[in-house]
Amino acid sequence: MMIMVGIFSQTGFFEWVAVKAYKLSRGNVWTLVMILCVFTAVTSAFLDNVTTMLLLAPVTVRLCKVLEIPPQQILVALVMYSNIGGMATPVGDPPNIIIVNDRLVKASGQLSFGSFTAHALPGAILACLAVFPLIKVLTTRSLARVPNLNEQREIALWRRTVAKLKEETEEEREVKKRLEDYIVALELKMRTTPASGPVDITTLEHKYRIADVPLLINSCIVLGSVIMLFFLHSAIQLQLSLSWIAIIGAMAHLVVSGIRDMDEVLEKVEFGTLMFFAGLFVLMRSLEELGLINWIGDIVADLIAAMPAGNGRLAGAVVLILWVSAIVSAFIDNIPYCAAMTPVVYNLSVPPLNLPLVPVIFALAFGTCLGGNGTLIGASANVVTAGLSETAGYPITFNSFLRTGAPVVFVSVLTSTVYLLVFHVWI
């Protein structure tokens, strides 16, 4: 997917979309953020949220560069809505895919594609609406325009480079002196050049056009085919895994793009992000082998079994599974956690407890999807977005993500708790 998105970016489509979104917002940055958040949530319902952020993060970074706005907080808001929107359908988030394809859940016949969406979509919409005011409060300060932002970043970059240079030889001292002189020249130019005025939409539309229409058409065909296969993968019995679909799509994209230089292809791959995923999955596998995730599941099951029978037990099970899943998924990648917890939750629906399957299984789905917003490592989309942002020169730190993620998780999980209790327990 990284290769396909990288080739797609050469068409100028991302810049063109960014300008159109800004035009639609009529220059209001908060309105622009709202448009991007809604679009991200809707897109994530039909694509997996990692693919969605691979497509939208470059758009956001380019637009913020033009508007001279730091993109980090906007990217965090988008990935939050990507994770929330992804829980609306079985194909929107990996935990949902795991749940609907579980052998026991599938054999029960209670969760088809349509029924899952019918139960999950209202909860996703309510969570999105509840989080909007919170996102506005948390992001408003960071939406202020910073004059000469790009020049300031360039100066900061050269300063870090100078700080790392040694002065052991005459050549090194000469290079360092020239860089210092260049920094002084940049600072002087920034002070003497007046700050640019409001962004002119007409100028942006003239500057950022579709650069390669034939490549755009071919890219849309290839990427659209891959997305369609992603969407149909759980509906029809394909003999290809999602990874093989993406690999074949990337190969087809390389053929139609005419790229012959492998270095040009490899530079589009976020190897740092992939290595982080590799280490994270090794860690998750280690926790599975240690029995930590199964231990958490056994404790949850024992607590539910100790509750008094009746509606109180069902309500307690929904609340406990939802909040435990959200908290655990914030610190442990939600994919292995969901895979380990799905059989545990299913066992609650058979003797001796005989709880209804739908409320408890959706408590698990909502908890794992929403809990991924808690920390930078809670969901795969978070890591991908942070990697893309850092590559563009705008690092997202763990603490800065946590400051937004923790309140968002609390509000969204609280909203989902009310929804599940009202519509799946009491009514």
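Remember, predicted model here, so these are calculated numbers, not experimental data.
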For residues 303-331, please give each side-chain donor-acceptor pair under 3.5 Å, one per line with the distance, not counting sequence neighbours.
unit_1 : atom_1 : unit_2 : atom_2 : d
Asn311 : ND2    : Val425 : O      : 3.4
Arg313 : NE     : Met307 : O      : 3.0
Arg313 : NH2    : Ala305 : O      : 3.3
Arg313 : NH2    : Met307 : O      : 2.7
Trp323 : NE1    : Thr417 : OG1    : 3.0
Ser325 : OG     : Ile321 : O      : 2.6
Ser325 : OG     : Tyr337 : OH     : 3.1
Ser329 : OG     : Ser325 : O      : 2.8

Taking side-chain contact (heavy atoms from CB on, under 4.5 Å) as the definition, give me every residue that meets it alongside Thr31, ordered by chain and number, with sequence neighbours left out.
Ser25, Asn28, Ile35
With sequence neighbours excluded, tell me which residues meet side-chain contact (heavy atoms from CB on, under 4.5 Å) with Glu390.
Pro395
Can you find a side-chain donor-acceptor pair between Thr40 and Thr43 that sits under 3.5 Å?
no
Between Asn373 and Asn382, is any side-chain donor less than 3.5 angstrom from a side-chain acceptor?
no
Lys20: partners by salt bridge (Lys or Arg N to Asp or Glu O under 4.0 Å), with sequence neighbours left out
Glu205
Sequence neighbours excluded, every pair satisfying side-chain hydrogen bond (donor to acceptor under 3.5 Å, both in side chains) that has a member inside residues 214-223:
Ser219-His253
Using a 3.5 Å cut-off and no angle test, enumerate the donor-acceptor pairs between side-chain atoms of residues 116-124 and protein atoms at least two apart in sequence or in another chain.
unit_1 : atom_1 : unit_2 : atom_2 : d
Thr117 : OG1    : Phe113 : O      : 2.9
His119 : ND1    : Ser115 : O      : 2.8

Walk me through it: do Leu78 and Met53 pass the test side chain to side chain contact (heavy atoms under 4.5 Å, CB included)?
CA-CA 8 Å; Leu78 293 188; Met53 292 312 301; 4.0 Å; yes
Sequence-distant partners of Val418, side-chain contact (heavy atoms from CB on, under 4.5 Å), two or more places apart:
Val422
Who passes ring-ring contact (aromatic ring centres under 6.0 Å, His included) against Phe132, sequence neighbours left out?
Tyr81
Distance-only criterion, 3.5 Å: show the donor-acceptor pairs between side-chain atoms of residues 408-415 and protein atoms not counting sequence neighbours.
unit_1 : atom_1 : unit_2 : atom_2 : d
Ser412 : OG     : Val408 : O      : 2.8
Ser412 : OG     : Val409 : O      : 3.2
Thr415 : OG1    : Val411 : O      : 2.8

Please identify each residue that fulfils ring-ring contact (aromatic ring centres under 6.0 Å, His included) with Phe39, with sequence neighbours left out.
none
Could you tell me which residues satisfy salt bridge (Lys or Arg N to Asp or Glu O under 4.0 Å) with Arg159, sequence neighbours excluded, listed by chain and number?
Glu187
Please list, chain by chain and in numerical order, all residues satisfying side-chain contact (heavy atoms from CB on, under 4.5 Å) with Ala340, sequence neighbours excluded.
Ile293, Asn294
